[in-house]
Structures are given as C-alpha cells and as structure tokens.
Amino acid sequence: MKTRILSHLMMGAALGLSVAGASAAEPIKVGVLTPLSGTYSPIGEQVRWGLDLASKEINDSGGIDSRPVKLVYEDSEANTSVATRKAERLYQSDKVDFLVGLVNSGATLAVGQIAERNHRLLATSVSLSDAITGSKCSPNVFRVNAPGGMQANGLAAWLAQSHPDARVFSIGPDYEMGRNTVASFQAKAKGAGLNLVGEVFPPLGEKDYSPYFGKLRSARPDVLYTSTAGNDTVRLFSQLDSFGLRQQLTIVGASVAVTAQNIGAIGKAAEGFVTVAGYSPDIDSGANRSFVKAFQASADGSEPDLYGADSYGMLYFYKAAVEKAGSTDTDAVRSAMEGLSWETPQGTKTMRAGDHQATMPMYVLQVHDGRFGIKQKLDAETAAVKDSCDRF
Amino acid sequence: MSQALEYFQFVLAPQMLNGLTIGVAVVLVAIGLSVIFGLLDVVNMAHGEFYALGAYISTALYALGVDFWFALLLAPLIMLPIGYAIERGLIQRVYQHEQRHILTLLLTVGLSIVLQDAFDLVFGPNTLRPDNPIPGVTEFFGIYIPNYRLFLLGAGAVVVTGTWLVIFRTRLGAMIRAAAFDRDMSASLGVPVLRVYAGTFAFGVALAGLAGVLLAPIYSVFPTMGHDFVLLAFTAVIVGGIGSFQGAVIAGLLLTQIQAISSLFISPHWTEPLVFGIMVAVLVVRPQGLFAWVGRG
C-alpha cells in the first residue's frame with residue numbers, strides 16, 4: 001500500500017514536471033489483433049467491448065502499477081497470414097508488451113510461434129482448439145477461455161445424466177475447428193457411456209443440409225451434436241424443422257453453434273438447445289450484475305456474451321500478473337501468470353502452470369423462449385481437461 | 001418385412017423424394033443450357049451466372065415490394081432483352097469464326113467472371129436469403145416434405161413441358177430448329193436467322209433466370225451461386241446426350257437419384273466424384289450420350 005501511494009506521488013510529479021522520470025507513467029501497451037471485419041467481426045466486436053471496458057476501469061483507478069494501459073488495435077481479418085504479418089509489426093514497431101484478441105484457432109497457433117521468436121507473451125480469450133494448450137502448447141501462450149474439450153466434458157457429463165444410453169449423431173463444419181470439436185465431443189461422450197451412431201462433415205457455408213438427412217435418419221439418433229456456427233446453424237436448424245426431424249431430437253452443441261447473434265434468426269427451432277460455456281449474462285453474482293450493467297452502458301445496450309466476458313477478465317489477468325511481477329519483463333510476467341488466481345465476472349479463474357490453460361466453473365445453458373438460461377453449474381474440477389502439454 | 005417397410009418409409013423414401021426435388025432444380029438449370037447448347041451449338045460457360053442474375057433480379061424486385069408470383073413472371077422477362085443483347089453484341093461476333101467452339105467458350109468464361117464480380121460489387125459478398133413464399137410442411141404416410149419443395153416439383157414439370165411444347169410443337173420452335181439445322185437453307189426460305197439465334201439465346205438465358213427465381217428461396221443468393229448447379233447441369237446435358245432435350249431431363253433426374261441413394265451409404269461429399277466419374281465414363285464409352293436415342297421430339 002505504501003509503495004502504491006509513493007508511486008502515485010511519483011506519477012504526479014512526473015506529469016507535473018514532464019521531464020525525465022517519465023518511465024513511471026509511460027503507458028503499458030497491449031496489442032489487440034482481432035477480426036474487426038469479415039465473418040468473425042461480431043466476435044471481434046465483443047472482444048473490443050470487453051477490453052475497452054476493462055482498460056477504462058483500470059485506467060480510472062490508477063492503471064497497472066500506476067502506469068496507464070493503452071490498447072493498440074489491428075484488424076486480423078480472421079485470416080492467418082494477415083494476423084502473422086500484423087503480429088510481427090505489433091511486437092517489433094509498436095513494441096507492445098502483451099498481445100491478445102485472436103479468434104481463429106489457426107491464427108492463434110501461428111502467432112504463438114511469433115511470440116516465442118520475439119520473446120513476448122500472447123493470450124487468447126476466444127480460440128477453441130484443444131491443441132493451443134495441449135499438443136501444440138507454447139511457453140509464451142496463455143488461454144483464459146474454456147477450450148472445446150472443456151465444453152465437451154461438460155456436455156457429455158450432462159447428457160450421461162439426463163439422457164443415459166442415448167444414440168448420438170454428430171455434425172460439424174469440414175475444417176480444423178469442426179473436425180476437432182466433433183472428435184473431442186465424441187471421445188468424451190463415449191467415455192460417458194453414450195452410443196455414437198454416426199457423424200457427417202458438410203463444408204463450411206453449406207446451403208442445403210437435406211442430402212445429409214438420409215444418413216441422419218438411418219442412424220436413428222436421439223441426440224444431435226453440432227458445431228456449425230453462424231448462418232450455417234440457422235439453415236441446419238430450419239431445415240431439420242421443415243423435414244420433420246427437429247422435434248424427435250435433443251440438440252446439443254459447441255458454444256459457437258447458437259449465439260446471441262443468430263438465435264433470433266433460428267427462432268422456434270432453437271428451443272431446447274443445450275450447450276456448455278464458461279459464461280452467461282444470467283450468472284447470479286454481484287460482480288456479474290455490475291459487469292453486465294457497465295458493459296451494456298458502454299456497448300450501446302448489447303449484452304456481454306462469453307467472448308466479451310472472457311476478454312474483459314483477460315486484461316485483469318494481465319494486470320494481476322504485472323503487479324505481482326513488479327515489471328512487464330516477459331520472464332517475470334510469465335512466472336507471475338503461472339498458478340495465478342484472479343477474480344472475473346464468471347467467478348475465480350486459475351491459470352494452470354503446466355499447460356497455461358485457465359480453469360473455471362462452467363455452465364450448462366439451455367434455450368428457453370429464445371434466450372439462454374442456466375440449467376446447471378459445473379465446478380471447475382468437473383469440467384477441467386487433463387494437462388497434456390509436455391513442452392515446458 | 002415390416003422392418004424393410006419402415007426403412008423404406010422412414011429412410012429411403014424421404015431421401016429419394018428429396019433427391020427428386022434436387023433433380024428438378026438441376027433440370028431447371030440444365031434445360032436452358034441444353035437449348036443454347038443443342039440448338040445454337042454454343043458452350044455457354046456463363047449459364048450459371050445467368051441463373052444467379054435471375055436470383056439477384058428477384059431479390060431486387062422483392063426489395064421494391066414486388067411479391068414472389070409477380071417476380072416469377074417479371075424476372076425472366078427482364079432477362080430476355082439482356083440475353084438478346086449479349087448474343088447480338090458478343091456471341092454473334094465470334095459465331096462465324098472457324099474456331100467457334102473455343103472462341104464462344106472463352107468468351108462466356110470471361111463473361112461469367114465479369115458477372116460474378118459485378119454481383120459482388122453491386123449486391124455485396126454476403127449471402128442474401130429471400131423469404132420462403134410457401135412456408136409450411138406437408139406430411140403423407142409419415143414422410144415430411146416442405147411445401148415449397150412440393151411446389152418446385154410441380155413448377156419444374158410445368159416449365160419442362162412448356163419448353164418442350166415451344167420447341168417441338170410450335171411454328172416458332174420449328175423455325176428455331178430449322179435455323180439451327182441448316183442456316184443457309186433457312187435464310188433462303190425467309191427465316192430471319194440472326195434474330196432467331198439471338199432470340200434462342202435469350203430464351204435459354206430467361207430459362208436460367210427463371211430457375212434462379214425458383215431456387216433462390218432454398219439455396220440462397222450469393223455471387224458464386226452459379227457454380228453449384230451449373231457443373232451438375234453440364235453433366236446432365238453431357239450424360240443425356242448433347243442436343244437431346246429429353247436426354248438432359250432424364251439424366252438430370254437419374255444422376256441426382258444416384259447421389260441421393262448413394263449418400264445413405266457413403267459421405268454426401270463423395271457423391272460428387274461419383275457423378276462426375278459417370279460423366280467421364282460416358283464421354284469415353286458413349287460420347288453421344290446415354291439417351292441420344294430418345295430422339296429429338
């Protein structure tokens with residue numbers, strides 16, 4: 001506390017004199033490389049709202065270690081080659097201390113290598129692929145959101161309880177994310193004693209799902225798992241409905257499948273859909289209620305979704321780590337981050353030292369009257385995935 | 001026995017019925033192609049983009065407050081002068097050249113690229129989705145089928161029959177076929193050959209536009225939408241026998257049934273190599289097409 005007051009005084013002095021000693025008040029630069037245009041721009045918007053709110057709150061209450069935070073934005077265009085080019089620039093010309101905001105899992109993996117080469121740190125609050133903190137983990141990369149594996153764990157646990165012995169059919173878009181989420185879910189579902197009866201992978205952006213319904217019908221499933229996203233989910237659900245298949249199925253899916261952005265377009269067909277995610281604006285805690293209120297005030301009335309909440313919490317994670325380390329030096333901040341527990345609107349998160357994956361409570365969410373409601377809370381241990389990182 | 005019946009009712013019949021609606025969609029695109037290909041001997045690589053143009057015109061008409069039924073009538077009428085102008089302004093210029101096939105093919109490929117970029121510039125890259133004009137579902141014997149797809153079956157039958165009647169049972173059709181068969185003799189008998197060619201091209205283009213309006217509520221509207229069907233439609237025309245109108249219709253329905261039924265056993269992805277494999281096999285073994293014997297009217 002004493003040093004805090006002292007540094008406040010020093011900052012005042014430095015500002016007043018505006019000579020020398022400016023280092024104490026020099027802003028800490030955080031690079032934000034996120035999709036501001038293109039398919040994923042609605043996610044990038046939530047990331048921006050969450051980070052802007054957190055940086056405003058942090059700067060209003062004295063900054064990080066008395067230094068203000070400055071966010072430097074770049075558009076990743078959800079494109080890996082654009083992201084890697086801009087990441088180099090952010091690290092080398094803009095000299096950012098910390099880089100965040102990437103959405104596309106492929107881009108996160110690629111920029112992770114750039115972070116290593118530049119001896120700087122990277123964190124994601126959105127990317128789902130298990131590989132980021134698993135088989136392709138990096139000492140310089142941290143993840144504060146729940147990966148596909150944690151969501152799948154929660155879903156399988158809920159299904160085993162509510163639909164024991166169910167026949168499960170899976171559908172996912174035909175690229176890294178879709179294949180990865182379906183494989184991960186099926187492994188967990190099998191472990192939970194459910195029967196896997198088939199899988200299909202239509203291309204991303206499929207216009208007509210009806211040719212796939214033959215395989216679906218002949219498998220006679222009770223439960224359908226989907227990791228389609230955006231407008232693909234809209235078409236899948238409305239076509240299932242118009243071919244008379246929707247009402248026979250319990251549909252569950254990855255958190256990307258049904259979101260605040262497409263739930264209106266899906267309409268009644270979304271009713272009853274179940275997912276597992278690390279956040280819901282309905283979480284009943286004082287911290288969350290005031291977060292939702294502040295978020296809506298600064299985001300033109302939009303509710304925060306999991307991307308907004310995870311991104312908001314990420315800046316507080318960095319603040320806690322820098323203050324614990326006493327500097328922004330990469331090695332010092334990395335050791336401060338490992339094992340760190342910090343408070344977020346979602347509850348307490350803990351950054352595991354072994355694989356740089358945060359653990360957190362998860363929520364089983366179900367659509368009711370066009371809105372997600374919390375059905376069940378899973379504690380952090382139930383949802384957690386085993387540490388499989390062996391690089392550090 | 002009851003198990004087989006249940007498999008038929010619950011799995012096979014819905015799949016075949018759905019395959020039939022997709023078949024009708026392919027045939028709708030293929031008949032315009034067959035008219036231009038069979039009568040004018042022009043490989044129209046821009047046919048998919050004319051199909052897309054019809055769909056875009058319909059969405060523009062909806063935005064102006066025109067309803068589906070009126071757009072169905074209006075869009076092909078708007079396409080007619082466009083097709084006529086393109087034939088007179090572009091195709092006709094290379095039509096008399098001895099390298100006609102290559103020149104018209106290159107010309108229409110170029111045209112398709114220009115049109116695709118034009119859609120992108122004018123209407124934006126995002127997918128547009130017109131409202132379904134006939135919502136709801138019909139159930140019979142436990143098989144559910146969306147009403148609009150049922151309508152599509154009927155509309156397809158009407159369009160195919162109508163086109164056949166025009167070409168093979170009217171004086172105009174006789175004139176078109178005569179001009180296609182022997183240009184100089186027709187001209188000497190007083191057939192305005194150049195205008196007939198342009199009119200036939202315009203007719204094929206209008207058919208593509210009509211298909212665009214009919215299929216947009218199912219498949220959405222986006223700049224590259226022409227690709228999806230035109231390859232299958234070309235396959236139907238080739239397998240059916242180049243220039244054989246009925247052949248294209250039969251082949252279109254048959255190929256989509258093969259797709260539908262095989263996708264019960266293999267991934268629907270792999271049905272495309274299967275269908276194009278059939279096309280390659282037909283070109284090698286029986287280049288005149290499987291149904292060329294069905295005749296020309």
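In the text below, chain A, chain B and the rest are named by the order of the sequence lines, each starting its count at 1.
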Stacked cation flag A:K207 on B:F222, 6.0 angstrom / 45 deg: yes
Residue part contacting chain A, namely of B:L17, when any heavy atom lies under 4.5 Å: neither
Separation between [atom1] of [X] and [atom2] of [Y], rounded to the nearest 0.5 Å:
| X | Y | atom1 | atom2 | value |
| --- | --- | --- | --- | --- |
| B:Y148 | A:S242 | OH | OG | 13.5 Å |
| A:Y212 | B:S267 | OH | OG | 6.5 Å |
| B:N18 | A:F243 | CG | CZ | 4.5 Å |
| A:R235 | B:Y219 | CZ | OH | 12.5 Å |

Crowding at CZ, B:F70 (>12 non-hydrogen neighbours, <6.0 Å):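 Result for CZ/B:F70: open.
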Within 6.0 angstrom of B:D131 CG, more than 12 heavy atoms from elsewhere: no
Evaluation steps, side-chain contact (heavy atoms from CB on, under 4.5 Å), between B:L264 and A:R217: CA-CA 9 Å; B:L264 287 174; A:R217 280 199 190 89; over 6 Å; no
For the student: nearest non-hydrogen atoms of A:S218 and B:Y7, plus distance: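 Minimum heavy-atom contact is CB-CE1, 4.5 Å.
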Stepwise side-chain contact (heavy atoms from CB on, under 4.5 Å) check, A:D241 with B:V137: CA-CA 9 Å; A:D241 197 32; B:V137 184; over 6 Å; no
Engaged part of A:F213 at the chain B interface, taking heavy atoms whose separation is under 4.5 Å: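 Only the backbone of A:F213 comes within 4.5 Å of chain B.
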Interchain contact, A:P202 with chain B, by part (heavy-atom threshold 4.5 Å): backbone
Verdict with supporting geometry, B:R149 and A:S210, side-chain contact (heavy atoms from CB on, under 4.5 Å): CA-CA 11 Å; B:R149 295 196 190 219; A:S210 62; 3.3 Å; yes
Heavy-atom side-chain proximity of B:I22 to A:P211 below 4.5 angstrom: yes
side-chain contact (heavy atoms from CB on, under 4.5 Å) between A:R220 and B:F10, worked out: CA-CA 10 Å; A:R220 291 158 206 276; B:F10 192 67; 3.8 Å; yes
